[in-house]
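Written below as structure tokens is the structure these notes are about.
Every chain is numbered from 1 and lettered A, B, ... according to where its sequence line falls, protein lines coming before strand lines.
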2 protein chains.
Amino acid sequence: MAKKQLTQSALERLPRYYQYVRDLREKSGSESVSSAALASFVGVDDTQVRKDLALIGVKGCPRVGYKSALVQKTICRVLGFDQPYRAIIVGIGQLGGALANYGAFALYGLQIAALFDNDPRQIGRTISGYAVRSSAEIAGFVAKTGVRLAIVTVPRRAAQEVAAMLVECGIDAIWNFSHTRLEVPAHVAVRNENLGVGLAELSYHLHR
Amino acid sequence: MAKKQLTQSALERLPRYYQYVRDLREKSGSESVSSAALASFVGVDDTQVRKDLALIGVKGCPRVGYKSALVQKTICRVLGFDQPYRAIIVGIGQLGGALANYGAFALYGLQIAALFDNDPRQIGRTISGYAVRSSAEIAGFVAKTGVRLAIVTVPRRAAQEVAAMLVECGIDAIWNFSHTRLEVPAHVAVRNENLGVGLAELSYHLHR
DNA sequence: TAGATTGTTAATCGATTAACAATC
DNA sequence: TAGATTGTTAATCGATTAACAATC
């Protein structure tokens, strides 16, 4: 689909460009954007921006800049934000509940398909319009709907077991918010969202 | 305090080593850990681990490995997790509420000091033992308690204004969960927690 | 001792930045 | 045209990896 494999670092910059261009168009309706403006927002060199945009096939106009609508649309397409995809959330504690309610996911093409928990006190609750279902139903739900992404917000000690079960069910992408690293087969994409990393940076700054 | 300035990438690896060693000691009580074991967990080269540990002054024993208690304690100290620090949370929506309840922060030395919101319907609510206060009280609270870190979970359009006010109050570290980049003076540390970056990676994988 | 692991220097790799020509 | 901005090659920089000696 994409012309070239994007590097990890490019993959981290693109959503930031996307955010900037989206905001820019909403606020000022500006039709073009320069690599220098994008660079200063994201905090990289302007050459970097031009390389990234060239990589995804966006051409600019010397003297003018890049068409902002084209930049937005192309990033959207390359990252797959224009082809809505669904996710289940497994583990409806504080964090899982917050994510179920989180409106901003729509900006990135993500829809929540269902919520699961194995605590009987949670099952049957309704959050943001979704009934919480028993984890025992996950396999059937995934088989029926073809959902491929799971957001894992279970406690640390349950995470590995849950991940193994999800992979068994056919899930091939996991967004992991539990505080542990997951072992999964190579074909499954895992993104670990470790809040400790963010805290390390801030704590180090505060105590220096 | 620290012997050398840590690079950004080292600062991202250290909390992962910390997590592994903490888990290891809890589960197996193992007294030593090899650079190879740490490397395979975090997904880096073992030479990298030895360099990182040398950088923070941890010495190992050839043939044996590193003392796990020492590794844990030293990382803890270098990152400042052993000197508890407090944060206020500004913006008590879904996400702010979830963070207020989030138990895992204690593992990283973080304590929540107070919650603030400017919605009259939120003010006075009690979450996780904390009463939600009016944002108008932030300046006084910061001056009185000396809190330096603020967790910002307000909507995007309010974020820049809130950040400016916090800096004015003396806050010098911001953990930003709003979907926008903040402009702050150079002495203020900002960590942007952009969920879009995580979604970009997963979405790209799913649509490839 | 023998062998496993650390510690450190050198080599490699990739990402970032600089320079400058091409272009509208 | 003149001038601003893109596009691209070359140079630099830093991080990662390889190699191997030191050590208990």
May I have the list of side-chain donor-acceptor pairs in residues 103-117 of chain B shorter than 3.5 Å, sequence neighbours left out?
| unit_1 | atom_1 | unit_2 | atom_2 | d |
| --- | --- | --- | --- | --- |
| B:Tyr108 | OH | A:His179 | ND1 | 3.2 |
| B:Asp117 | OD1 | B:Asp119 | N | 2.9 |
| B:Asp117 | OD2 | B:Ile92 | N | 2.6 |

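- Partners of B:Asn118 under the side chain to side chain contact (heavy atoms under 4.5 Å, CB included) rule, at least two apart in sequence or in another chain, are B:Ser135.
- Residues from residues 36-47 of chain A placing a heavy atom under 4.0 Å of any atom in DNA chain D, listed by number, are A:Thr47.
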Taking only distance into account, with no hydrogens and no angle test, what donor-acceptor pairs under 3.5 Å do side-chain atoms of residues 158-172 of chain A form with protein atoms, sequence neighbours excluded?
| unit_1 | atom_1 | unit_2 | atom_2 | d |
| --- | --- | --- | --- | --- |
| A:Gln160 | OE1 | A:Glu183 | N | 2.9 |
| A:Gln160 | NE2 | A:Glu183 | O | 3.1 |
| A:Asp172 | OD1 | A:Arg148 | NE | 3.3 |
| A:Asp172 | OD2 | A:Arg148 | NE | 3.4 |
| A:Asp172 | OD2 | A:Arg148 | NH2 | 3.0 |

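- Applying the ring-ring contact (aromatic ring centres under 6.0 Å, His included) rule to pairs touching residues 23-64 of chain A yields A:Tyr20-A:Phe41, sequence neighbours excluded.
- Using modelled atom types and a 3.5 Å distance limit, the side chains of B:Thr180 and B:Arg156 yield no donor-acceptor pair.
- Annotation: proximity of residues 19-27 of chain A to DNA chain D (heavy atom, distance under 4.0 Å) is found for no residue.
- In this model, no donor atom of one side chain and acceptor atom of the other lie less than 3.5 Å apart for A:Gln72 and A:Arg22.
- Looking at B:Lys59, its side chain has no donor and acceptor atom pair within 3.5 Å of the base of D:dT23.
- Qualifying side chain to side chain contact (heavy atoms under 4.5 Å, CB included) partners for A:Phe177, counting only residues two or more places apart in sequence or in other chains: A:Leu95, A:Leu99, A:Ile151, A:Thr153, A:Trp175, A:Glu193, B:Leu195.
- Applying the side chain to side chain contact (heavy atoms under 4.5 Å, CB included) test to B:Leu53 and every residue at least two apart in sequence or in another chain returns B:Leu38, B:Val49, B:Ile56, B:Val58, B:Tyr66, B:Val71.
- For DNA chain C, runs of at least 3 consecutive pairs of the Watson-Crick or G-U wobble type, with both hydrogen-bonding distances under 3.5 angstrom, map to C:3-24 with D:3-24.
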For nucleotides 1-5 of chain C, print each protein N/O atom paired with a nucleotide N/O atom at under 3.5 Å, atom names and distance only.
| unit_1 | atom_1 | unit_2 | atom_2 | d |
| --- | --- | --- | --- | --- |
| C:dT5 | O4' | B:Arg63 | N | 3.2 |

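- Counting only residues at least two apart or on different chains, the salt bridge (charged side-chain N to carboxylate O under 4.0 Å, His left out) pairs with a member in residues 10-19 of chain A are A:Arg13-A:Asp52.
- Within residues 10-18 of chain B, no residue is approached by DNA chain C to less than 4.0 Å at the level of any non-hydrogen atom.
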